[in-house]
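Notes follow the structure.
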Amino acid sequence: MPTMLITGASRGLGLEFARQYLAEGWDVIAACRTPRAARALESLEAQPRGALTILGMDVADTASVRGAAAALGSRPIEVLINGAGVFGGNGQSIGDLDYEDWIKVLEVNLLGPARVCEAFLEHVTRSERRLIVTITSGMGSLADNTSGGDVLYRTSKAAVNMLMRTAAIDLKARGITCVVLNPGWVKTDMGGPNARLTPEESVGAMRRVIARLGPRDSGRFYSYDGREYPW
């Protein structure tokens, strides 16, 4: 069966990605910082179809990411999804910026996907699908920013968009497709209870987009519904 790796798998969209891919019979490598505390993720081990591997990994720690990649040996990964992300706390407006928190947000939302892409590059290259998807946000779009604020989160997502756009060019010779995907406004801890989409709806829609992605899509920014999103 094909194998996918998802980061940030202990909750929210990451957990739902793991659940849905397992239900489809995929082998799922679910990465999270503290596997022993990931009770909801552990419960997926009872899925009757795909096989679940829970992998301890902190995307903000280079040694942790490299160690996790080494633990997989030469196992190929068809689809790698960078799902781990944080929003940051207060101090997100010009004139009131929290620089220490900003660095923490960038460590997870920007450097995290960079670390994961580099560490698992050979695993993706060994597969047939060769697909890297990074979950971004419409708040990382320059064209769509008409309300301001949320500087820490917005800048981290705009930066990861550029990272993946560049990766699409740099990794073309390896046949790797790199795409950023906006999940929409989702009812998670980050999105809050008033969001428009449930995790099931968002991930189900994103999986339909992911299923059709190929080399022609590399370097593009898509919404969960398959429409291209403005940069």
Side-chain angles (χ1 to χ4, degrees), residues 1-85 107-135 160 163-164 167-168 170-181 203 206-207 210-211 213-215 218:
M1 297 302 296
T3 298
M4 66 86 68
L5 183 150
I6 173 72
T7 67
S10 63
R11 60 182 179 141
L13 294 177
L15 179 64
E16 185 59 24
F17 267 116
R19 187 189 70 79
Q20 291 196 22
Y21 273 104
L22 280 169
E24 288 292 322
W26 284 61
D27 290 343
V28 173
I29 303 169
C32 62
R33 284 185 300 170
T34 52
R36 286 178 295 180
R39 302 304 181 198
L41 184 57
E42 284 184 346
S43 71
L44 298 181
E45 291 179 322
Q47 278 275 10
R49 295 187 179 180
L52 176 66
T53 300
I54 300 177
L55 186 67
M57 182 170 73
D58 181 355
V59 301
D61 183 323
T62 302
S64 174
V65 175
R66 290 176 177 171
L72 294 183
S74 60
R75 188 173 179 180
I77 296 172
E78 306 286 337
V79 178
L80 187 161
I81 302 178
N82 286 305
E107 282 283 3
V108 175
N109 293 1
L110 170 61
L111 276 65
R115 293 183 181 101
V116 171
C117 287
E118 287 199 308
F120 292 92
L121 185 57
E122 295 303 323
H123 300 81
V124 175
T125 302
R126 291 188 191 99
S127 75
E128 293 185 10
R129 191 75 195 282
R130 298 184 182 182
L131 178 61
I132 299 175
V133 175
T134 295
I135 305 304
V160 83
L163 168 70
M164 298 311 297
D170 292 352
L171 301 180
K172 183 178 180 180
R174 288 177 175 253
I176 294 176
T177 297
C178 300
V179 171
V180 290
L181 194 52
V203 170
M206 286 191 287
R207 285 184 58 243
I210 290 169
L213 292 174
S218 199

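For the numbers below, each heavy atom of this structure counts, side chains included, while hydrogens, waters and symmetry mates do not. Quick note: residue numbers are just sequence positions, from 1.
- With a 4.5 Å cut-off on side-chain heavy atoms, T53 and V28 do not count as touching.
- Here the side chain of S127 pairs a donor or acceptor atom with the backbone of R130 at under 3.5 angstrom.
- Of the possible donor and acceptor atoms, none in the side chain of H123 sits under 3.5 Å from a partner among the backbone N and O of S74.
- For the side-chain contact (heavy atoms from CB on, under 4.5 Å) test with I135, the passing option among N109, I81, V180, T7 is I81; the others fail.
- Residues meeting the side chain to side chain contact (heavy atoms under 4.5 Å, CB included) test with L131, sequence neighbours left out: V79, R129, V133, T177, I210, L213.
- Summarising the local packing, CD of E122 is surrounded by more than 12 heavy atoms from other residues, nucleotides or ligands at distances under 6.0 Å.
- Residues I176 and R174 have side chains in contact (heavy-atom distance under 4.5 Å, counting atoms from C-beta outward).
- Atom CD of E45 is separated from atom CD of E42 by 6.0 Å, given to the nearest 0.5 angstrom.
- The heavy-atom pair separating G85 from V108 by the smallest distance is CA-CG1, 3.9 Å.
- Of all heavy-atom pairs spanning L52 and A30, the tightest one is CD1-CB, 3.8 Å.
- Atom CD of residue E16 and atom CZ of residue R11 lie 15.0 Å apart, to the nearest 0.5 angstrom.
- In this structure, the side chains of L171 and L121 come closer than 4.5 Å at one or more pairs of heavy atoms.
- To the nearest 0.5 Å, the span separating CE on M164 from CG on L181 amounts to 11.5 Å.
- R126 CZ to I77 CD1: the interatomic distance, rounded to the nearest 0.5 Å, is 9.5 Å.
- Seen from the ring of Y21, R207 counts as a face-on cation partner, given the 6.0 Å and 45° thresholds.
- Residues E24 and Q20 bring no donor and acceptor atom of their side chains to less than 3.5 Å of each other.
- The shortest side-chain heavy-atom distance between D58 and V65 does not fall under the 4.5 Å cut-off.
- Judged by distance alone, with hydrogens and angles left aside, the side-chain atoms of S10 form no donor-acceptor pair with the main-chain N or O of A38 at under 3.5 Å.
- Inter-residue side-chain proximity for T3 and R75 is flagged as met; some heavy-atom pair is nearer than 4.5 Å.
- In this structure, R115 contributes its side chain and E107 its backbone to a donor-acceptor pair below 3.5 Å.
- The shortest heavy-atom contact between I6 and A18 is CG2-CB, 4.4 Å.
- Remark: the backbone N or O of C178 is paired with a side-chain donor or acceptor of S218 at under 3.5 angstrom.
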L15 and L44: CA distance, side-chain angles, deciding distance, side chain to side chain contact (heavy atoms under 4.5 Å, CB included) verdict | CA-CA 9 Å; L15 179 64; L44 298 181; 3.8 Å; yes

Could you check E78 against E128 for side chain to side chain contact (heavy atoms under 4.5 Å, CB included), going step by step and ending with a plain yes or no?
-> CA-CA 6 Å; E78 306 286 337; E128 293 185 10; 3.9 Å; yes

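- For the pair M1/W26, no side-chain contact is recorded, criterion being any heavy-atom separation below 4.5 Å from C-beta on.
- Nearest heavy-atom pair across C117 and I132 is SG-CG2, 3.8 Å.
- The minimum heavy-atom distance between R33 and P35, with the atom names listed, is O-CD, 3.5 Å.
- Using a 4.5 Å heavy-atom cutoff, the side chains of L5 and L72 are in contact.
- A heavy-atom distance below 4.5 Å is found between the side chains of L41 and C32.
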